[in-house]
Amino acid sequence: MAKVIQIKDIAAYEGEEVTVRGWVYNRTGKGRLQFILLRDGSGQAQCVAFKKEMTPEDFEIARGLTQESSVVISGVVRADARAPGIPGGFEVGIQRLQLLQQADEYPISPKEHGTEFLMNHRHLWVRSNRQWAILRIRATIIKAMRDWLDDQGFLLVDTPIITPAAGEETTTLFDVDYFGETAFLAQTGQLYNEANIMAFGKVYCFGPTFRAEKSKTRRHLIEFWMLEPEIAFCSMEALMDIEEGLVCNVVEQVLAKHGQELEIIGRDLSKLAAITGPFARISYDDAVTRLKAYHAEIDDPQRKTELAIEWGEDFGSPHETALAEMFDKPVFVYHYPTAVKAFYMTPVAGRPEVCRSVDLLAPEGYGEIIGGSERIHDLDLLAANIDEMGLGREAYEWYLDLRKFGTVPHAGFGIGIERTVAWICGLSHVRETIPYARLLNRKYP
RNA sequence: UCCGUAGUAGCUCAAUUGGCAGAGCGGGCGGCUGUUAACCGCUAGGUUCUUGGUUCAAGUCCAAGCUACGGAGCCA
């Protein structure tokens, strides 16, 4: 058997006999001439069966191949501008063909399908071009984030998924039976990150997080992946510098490595090329002023209601979208009202009604992709907030310890992987950004 | 949880005023030496989401329910 190659490398084997192994993505025939578009995971190549060049048995197999049948094909690589594929432009003239399995009638035809049908067949849908492209970009986004942080001196320190108490007071948690006691699935690794920076200085955690909220929107998942850096001796301003550097690097890496995938999903590259620092930084006060001015010019009554805002209220998703549309890059909004943010965020000196929090809103209506803040490092203030929230001191004893043994100013943020992927890929829903989405009413397959 | 829309063949959809349940794709059979969602001919394929109601007659009208989609809230 000739050398087994990956289809992505096919151009390097022009004129040579090779073996490719994979699945039939599509087949079309012209009688004694059959075109088999073969996927192998790395790419796609057209394999051409001429009746005269093969045994009658092999040709009959080629002629009868169904979509997604698994095969091993040997033949000679030749350049042909007509040959479709990824990368395309080269095809394999089939000499020998081995059928591993003739696939049953494949549910996902080359025609259009509805969302419910596709999500019910997600285990097969991931084979489709568009999904293949998106999930490859997702992998690069995660790698780019991690590489950049590693290069900046951050250490990956894993945080637990089963936790004894809520990380934040607001959202609903999944509970699990922990040998007769109640434990919860993590909604953040942040509190543990705060312990870990006192050992390692700059850390991040990366893993799945869980929210039992009954959210049903294009930007929510029940199980989603978050990357959370935390930095000792860090201010909110320095935090924004880090976030900006991270996001710019991620976009740059995707543009550099995935021109092919971005083309498959039809992403407007100019929108991504525009993502370079610095990003605008506006205060919550300023954002409210801008939204009020915008609100004054709206005529549509429904939209006017949606976009109404008074100082002190948190932004809804229409507000975030309207704000983000005022910029062609991501925009930082900082100093949110203390009352709408988490208990551990530092109040602004001399103005305790706002806190040292900062969100990063992505352009094109993708909303908040990063939430971060300076954390309270004063023991008494933190303890008072925990009591005031009625969180129960016992579960937070270890967290308060961090303020007793060498507390330092520190800050951190969390970036939602799926929202970032949706934005960079220009997708209308986060369900396509994760291999197997967990949504309200969706845990299969 | 609230508001809105939809549910017909394996898939995507059509069916006029309430009057015989249809097409394309996919499947099967046959044809074709350069296809790009190939094309041509033939063919099989139905609990019209469920339950109840109105009517000579219901895919179509009414009621309740189920499911999905879109939006809101909450958030990353």
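In the text below, chain A, chain B and the rest are named by the order of the sequence lines, each starting its count at 1.
Other residues, nucleotides and ligands place no more than 12 heavy atoms under 6.0 Å from the NZ atom of K443(A). Few gaps surround CD on Q102(A); more than 12 heavy atoms of other groups in view lie less than 6.0 Å from it. For CD of E325(A), the number of neighbouring non-hydrogen atoms (other residues, nucleotides, ligands) closer than 6.0 Å is greater than 12. More than 12 heavy atoms of other residues, nucleotides or ligands shown are found within 6.0 angstrom of CZ on R438(A).
Look at A6(B): its Watson-Crick or wobble partner, with both distances under 3.5 angstrom, is U67(B). The base-pairing partner of A72(B), taking Watson-Crick or G-U wobble contacts with both distances under 3.5 Å, is U1(B). Nucleotide C20(B): unpaired (no Watson-Crick or G-U wobble partner with both distances less than 3.5 Å). A 3.5 Å limit on both hydrogen-bonding distances identifies C40(B) as the Watson-Crick or G-U partner of G30(B). Nucleotide U48(B) forms a pair with no other nucleotide shown, judged by Watson-Crick or G-U wobble geometry with both contacts under 3.5 Å. As the counterpart of U54(B), no nucleotide is assigned, since no Watson-Crick or G-U wobble pattern has both distances under 3.5 Å.
Taking the C1' atom of each, C40(B) and G46(B) are spaced 27 Å apart, rounded to whole Å. Comparing C11(B) with C29(B), their P atoms are spaced 22 Å from each other, to the whole Å. For the P atom pair drawn from C61(B) and C20(B), the interatomic distance equals 16 Å after rounding to whole Å.
Distance NZ (K216(A)) to P (G4(B)): 13 Å, rounded to an integer number of Å. One interatomic measurement links the two molecules: CD of E91(A) to C1' of U35(B), which rounds to 10 Å at whole-angstrom precision. Going from atom CG of L440(A) over to atom C1' of U1(B) covers 10 Å, rounded to whole Å. Distance NZ (K214(A)) to P (C75(B)): 18 Å, rounded to an integer number of Å. Summarising the geometry, the separation between CZ on F210(A) and C1' on A76(B) is reported as 14 Å, rounded to the nearest angstrom. In this structure, the CZ atom of R63(A) is 6 Å from the P atom of G30(B), given to the nearest Å. Protein atom CD of E313(A) is 13 Å distant from nucleotide atom P of C75(B), rounded to whole Å. Regarding H220(A), its NE2 atom lies at a distance of 16 Å from the P atom of C69(B), rounded to whole Å.
Using a 30° and 60° split on the angle between ring planes, H121(A) and F117(A) fall in the tilted class, from 30° to 60°.
Nucleic acid contact class of D80(A) (heavy atoms, under 4.0 Å, all strands): base. Heavy atoms of L221(A) sit under 4.0 angstrom from at least one base atom. In this structure, Q44(A) reaches neither bases nor backbone, as no heavy-atom distance under 4.0 Å exists between it and the strands shown. G367(A) comes within 4.0 angstrom of nothing in the nucleic acid, heavy atoms only. At a threshold of 4.0 angstrom between heavy atoms, the contacts of K51(A) with the nucleic acid are absent.
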Check: protein-nucleotides 8-15 of chain B nitrogen or oxygen pairs below 3.5 Å:
residue, atom, partner, partner atom, Å
C11(B), O2', E112(A), O, 3.1
C11(B), O2', H113(A), ND1, 2.4
U12(B), OP1, G114(A), N, 2.7
U12(B), O4', E112(A), O, 3.4

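Taking the centre of each ring, F154(A) and W148(A) stay at or above the 6.0 Å mark. Aromatic rings from F224(A) and F210(A) are positioned such that their centres are separated by 6.0 Å or more.
For L33(A), the side-chain atoms get nearest to U33(B) when compared with the rest of C69(B), C74(B), U33(B). For Q46(A), counting side-chain heavy atoms from C-beta on, the closest listed nucleotide (C74(B), G34(B), A72(B)) is G34(B). Relative to the side chain of T28(A), the nucleotides A68(B), G73(B), U35(B) differ in distance, and U35(B) lies closest. Minimum atom distance to the side chain of E368(A) is reached by A76(B), of the listed A76(B), U33(B), G28(B).
Listed pair S317(A) / A72(B) meets the phosphate criterion, a side-chain N or O lying under 4.0 Å from OP1 or OP2. Between K30(A) and G34(B) there is a side-chain N or O to OP1 or OP2 distance below 4.0 Å. One finds no side-chain N or O of N26(A) lying less than 4.0 angstrom from the OP1 or OP2 phosphate oxygen of A37(B).
Annotation: of the two residues near RNA chain B, V48(A) and F315(A), the 5′-most nearest-nucleotide partner is V48(A).
Partner of Y336(A) under the side chain to side chain contact (heavy atoms under 4.5 Å, CB included) criterion, out of V354(A), D314(A), D285(A): D314(A) alone.
One distance of note links CD1 of I434(A) with CZ of R122(A); it measures 9.0 Å at 0.5 Å rounding. Atom CZ of F174(A) is separated from atom CG of L185(A) by 7.0 Å, given to the nearest 0.5 angstrom. Here M240(A) contributes atom CE and F279(A) contributes atom CZ; the two are 12.5 Å apart, rounded to the nearest 0.5 Å.
M145(A) is listed as a side-chain neighbour of T420(A), based on a closest heavy-atom distance under 4.5 Å.
Of the residues in residues 419-439 of chain A, those lying under 4.0 Å from RNA chain B by heavy-atom distance are R419(A), H429(A), R431(A).
Here F224(A) counts as stacked on A76(B): its ring centre is under 5.5 angstrom from the base ring centre and the planes meet at under 30°.
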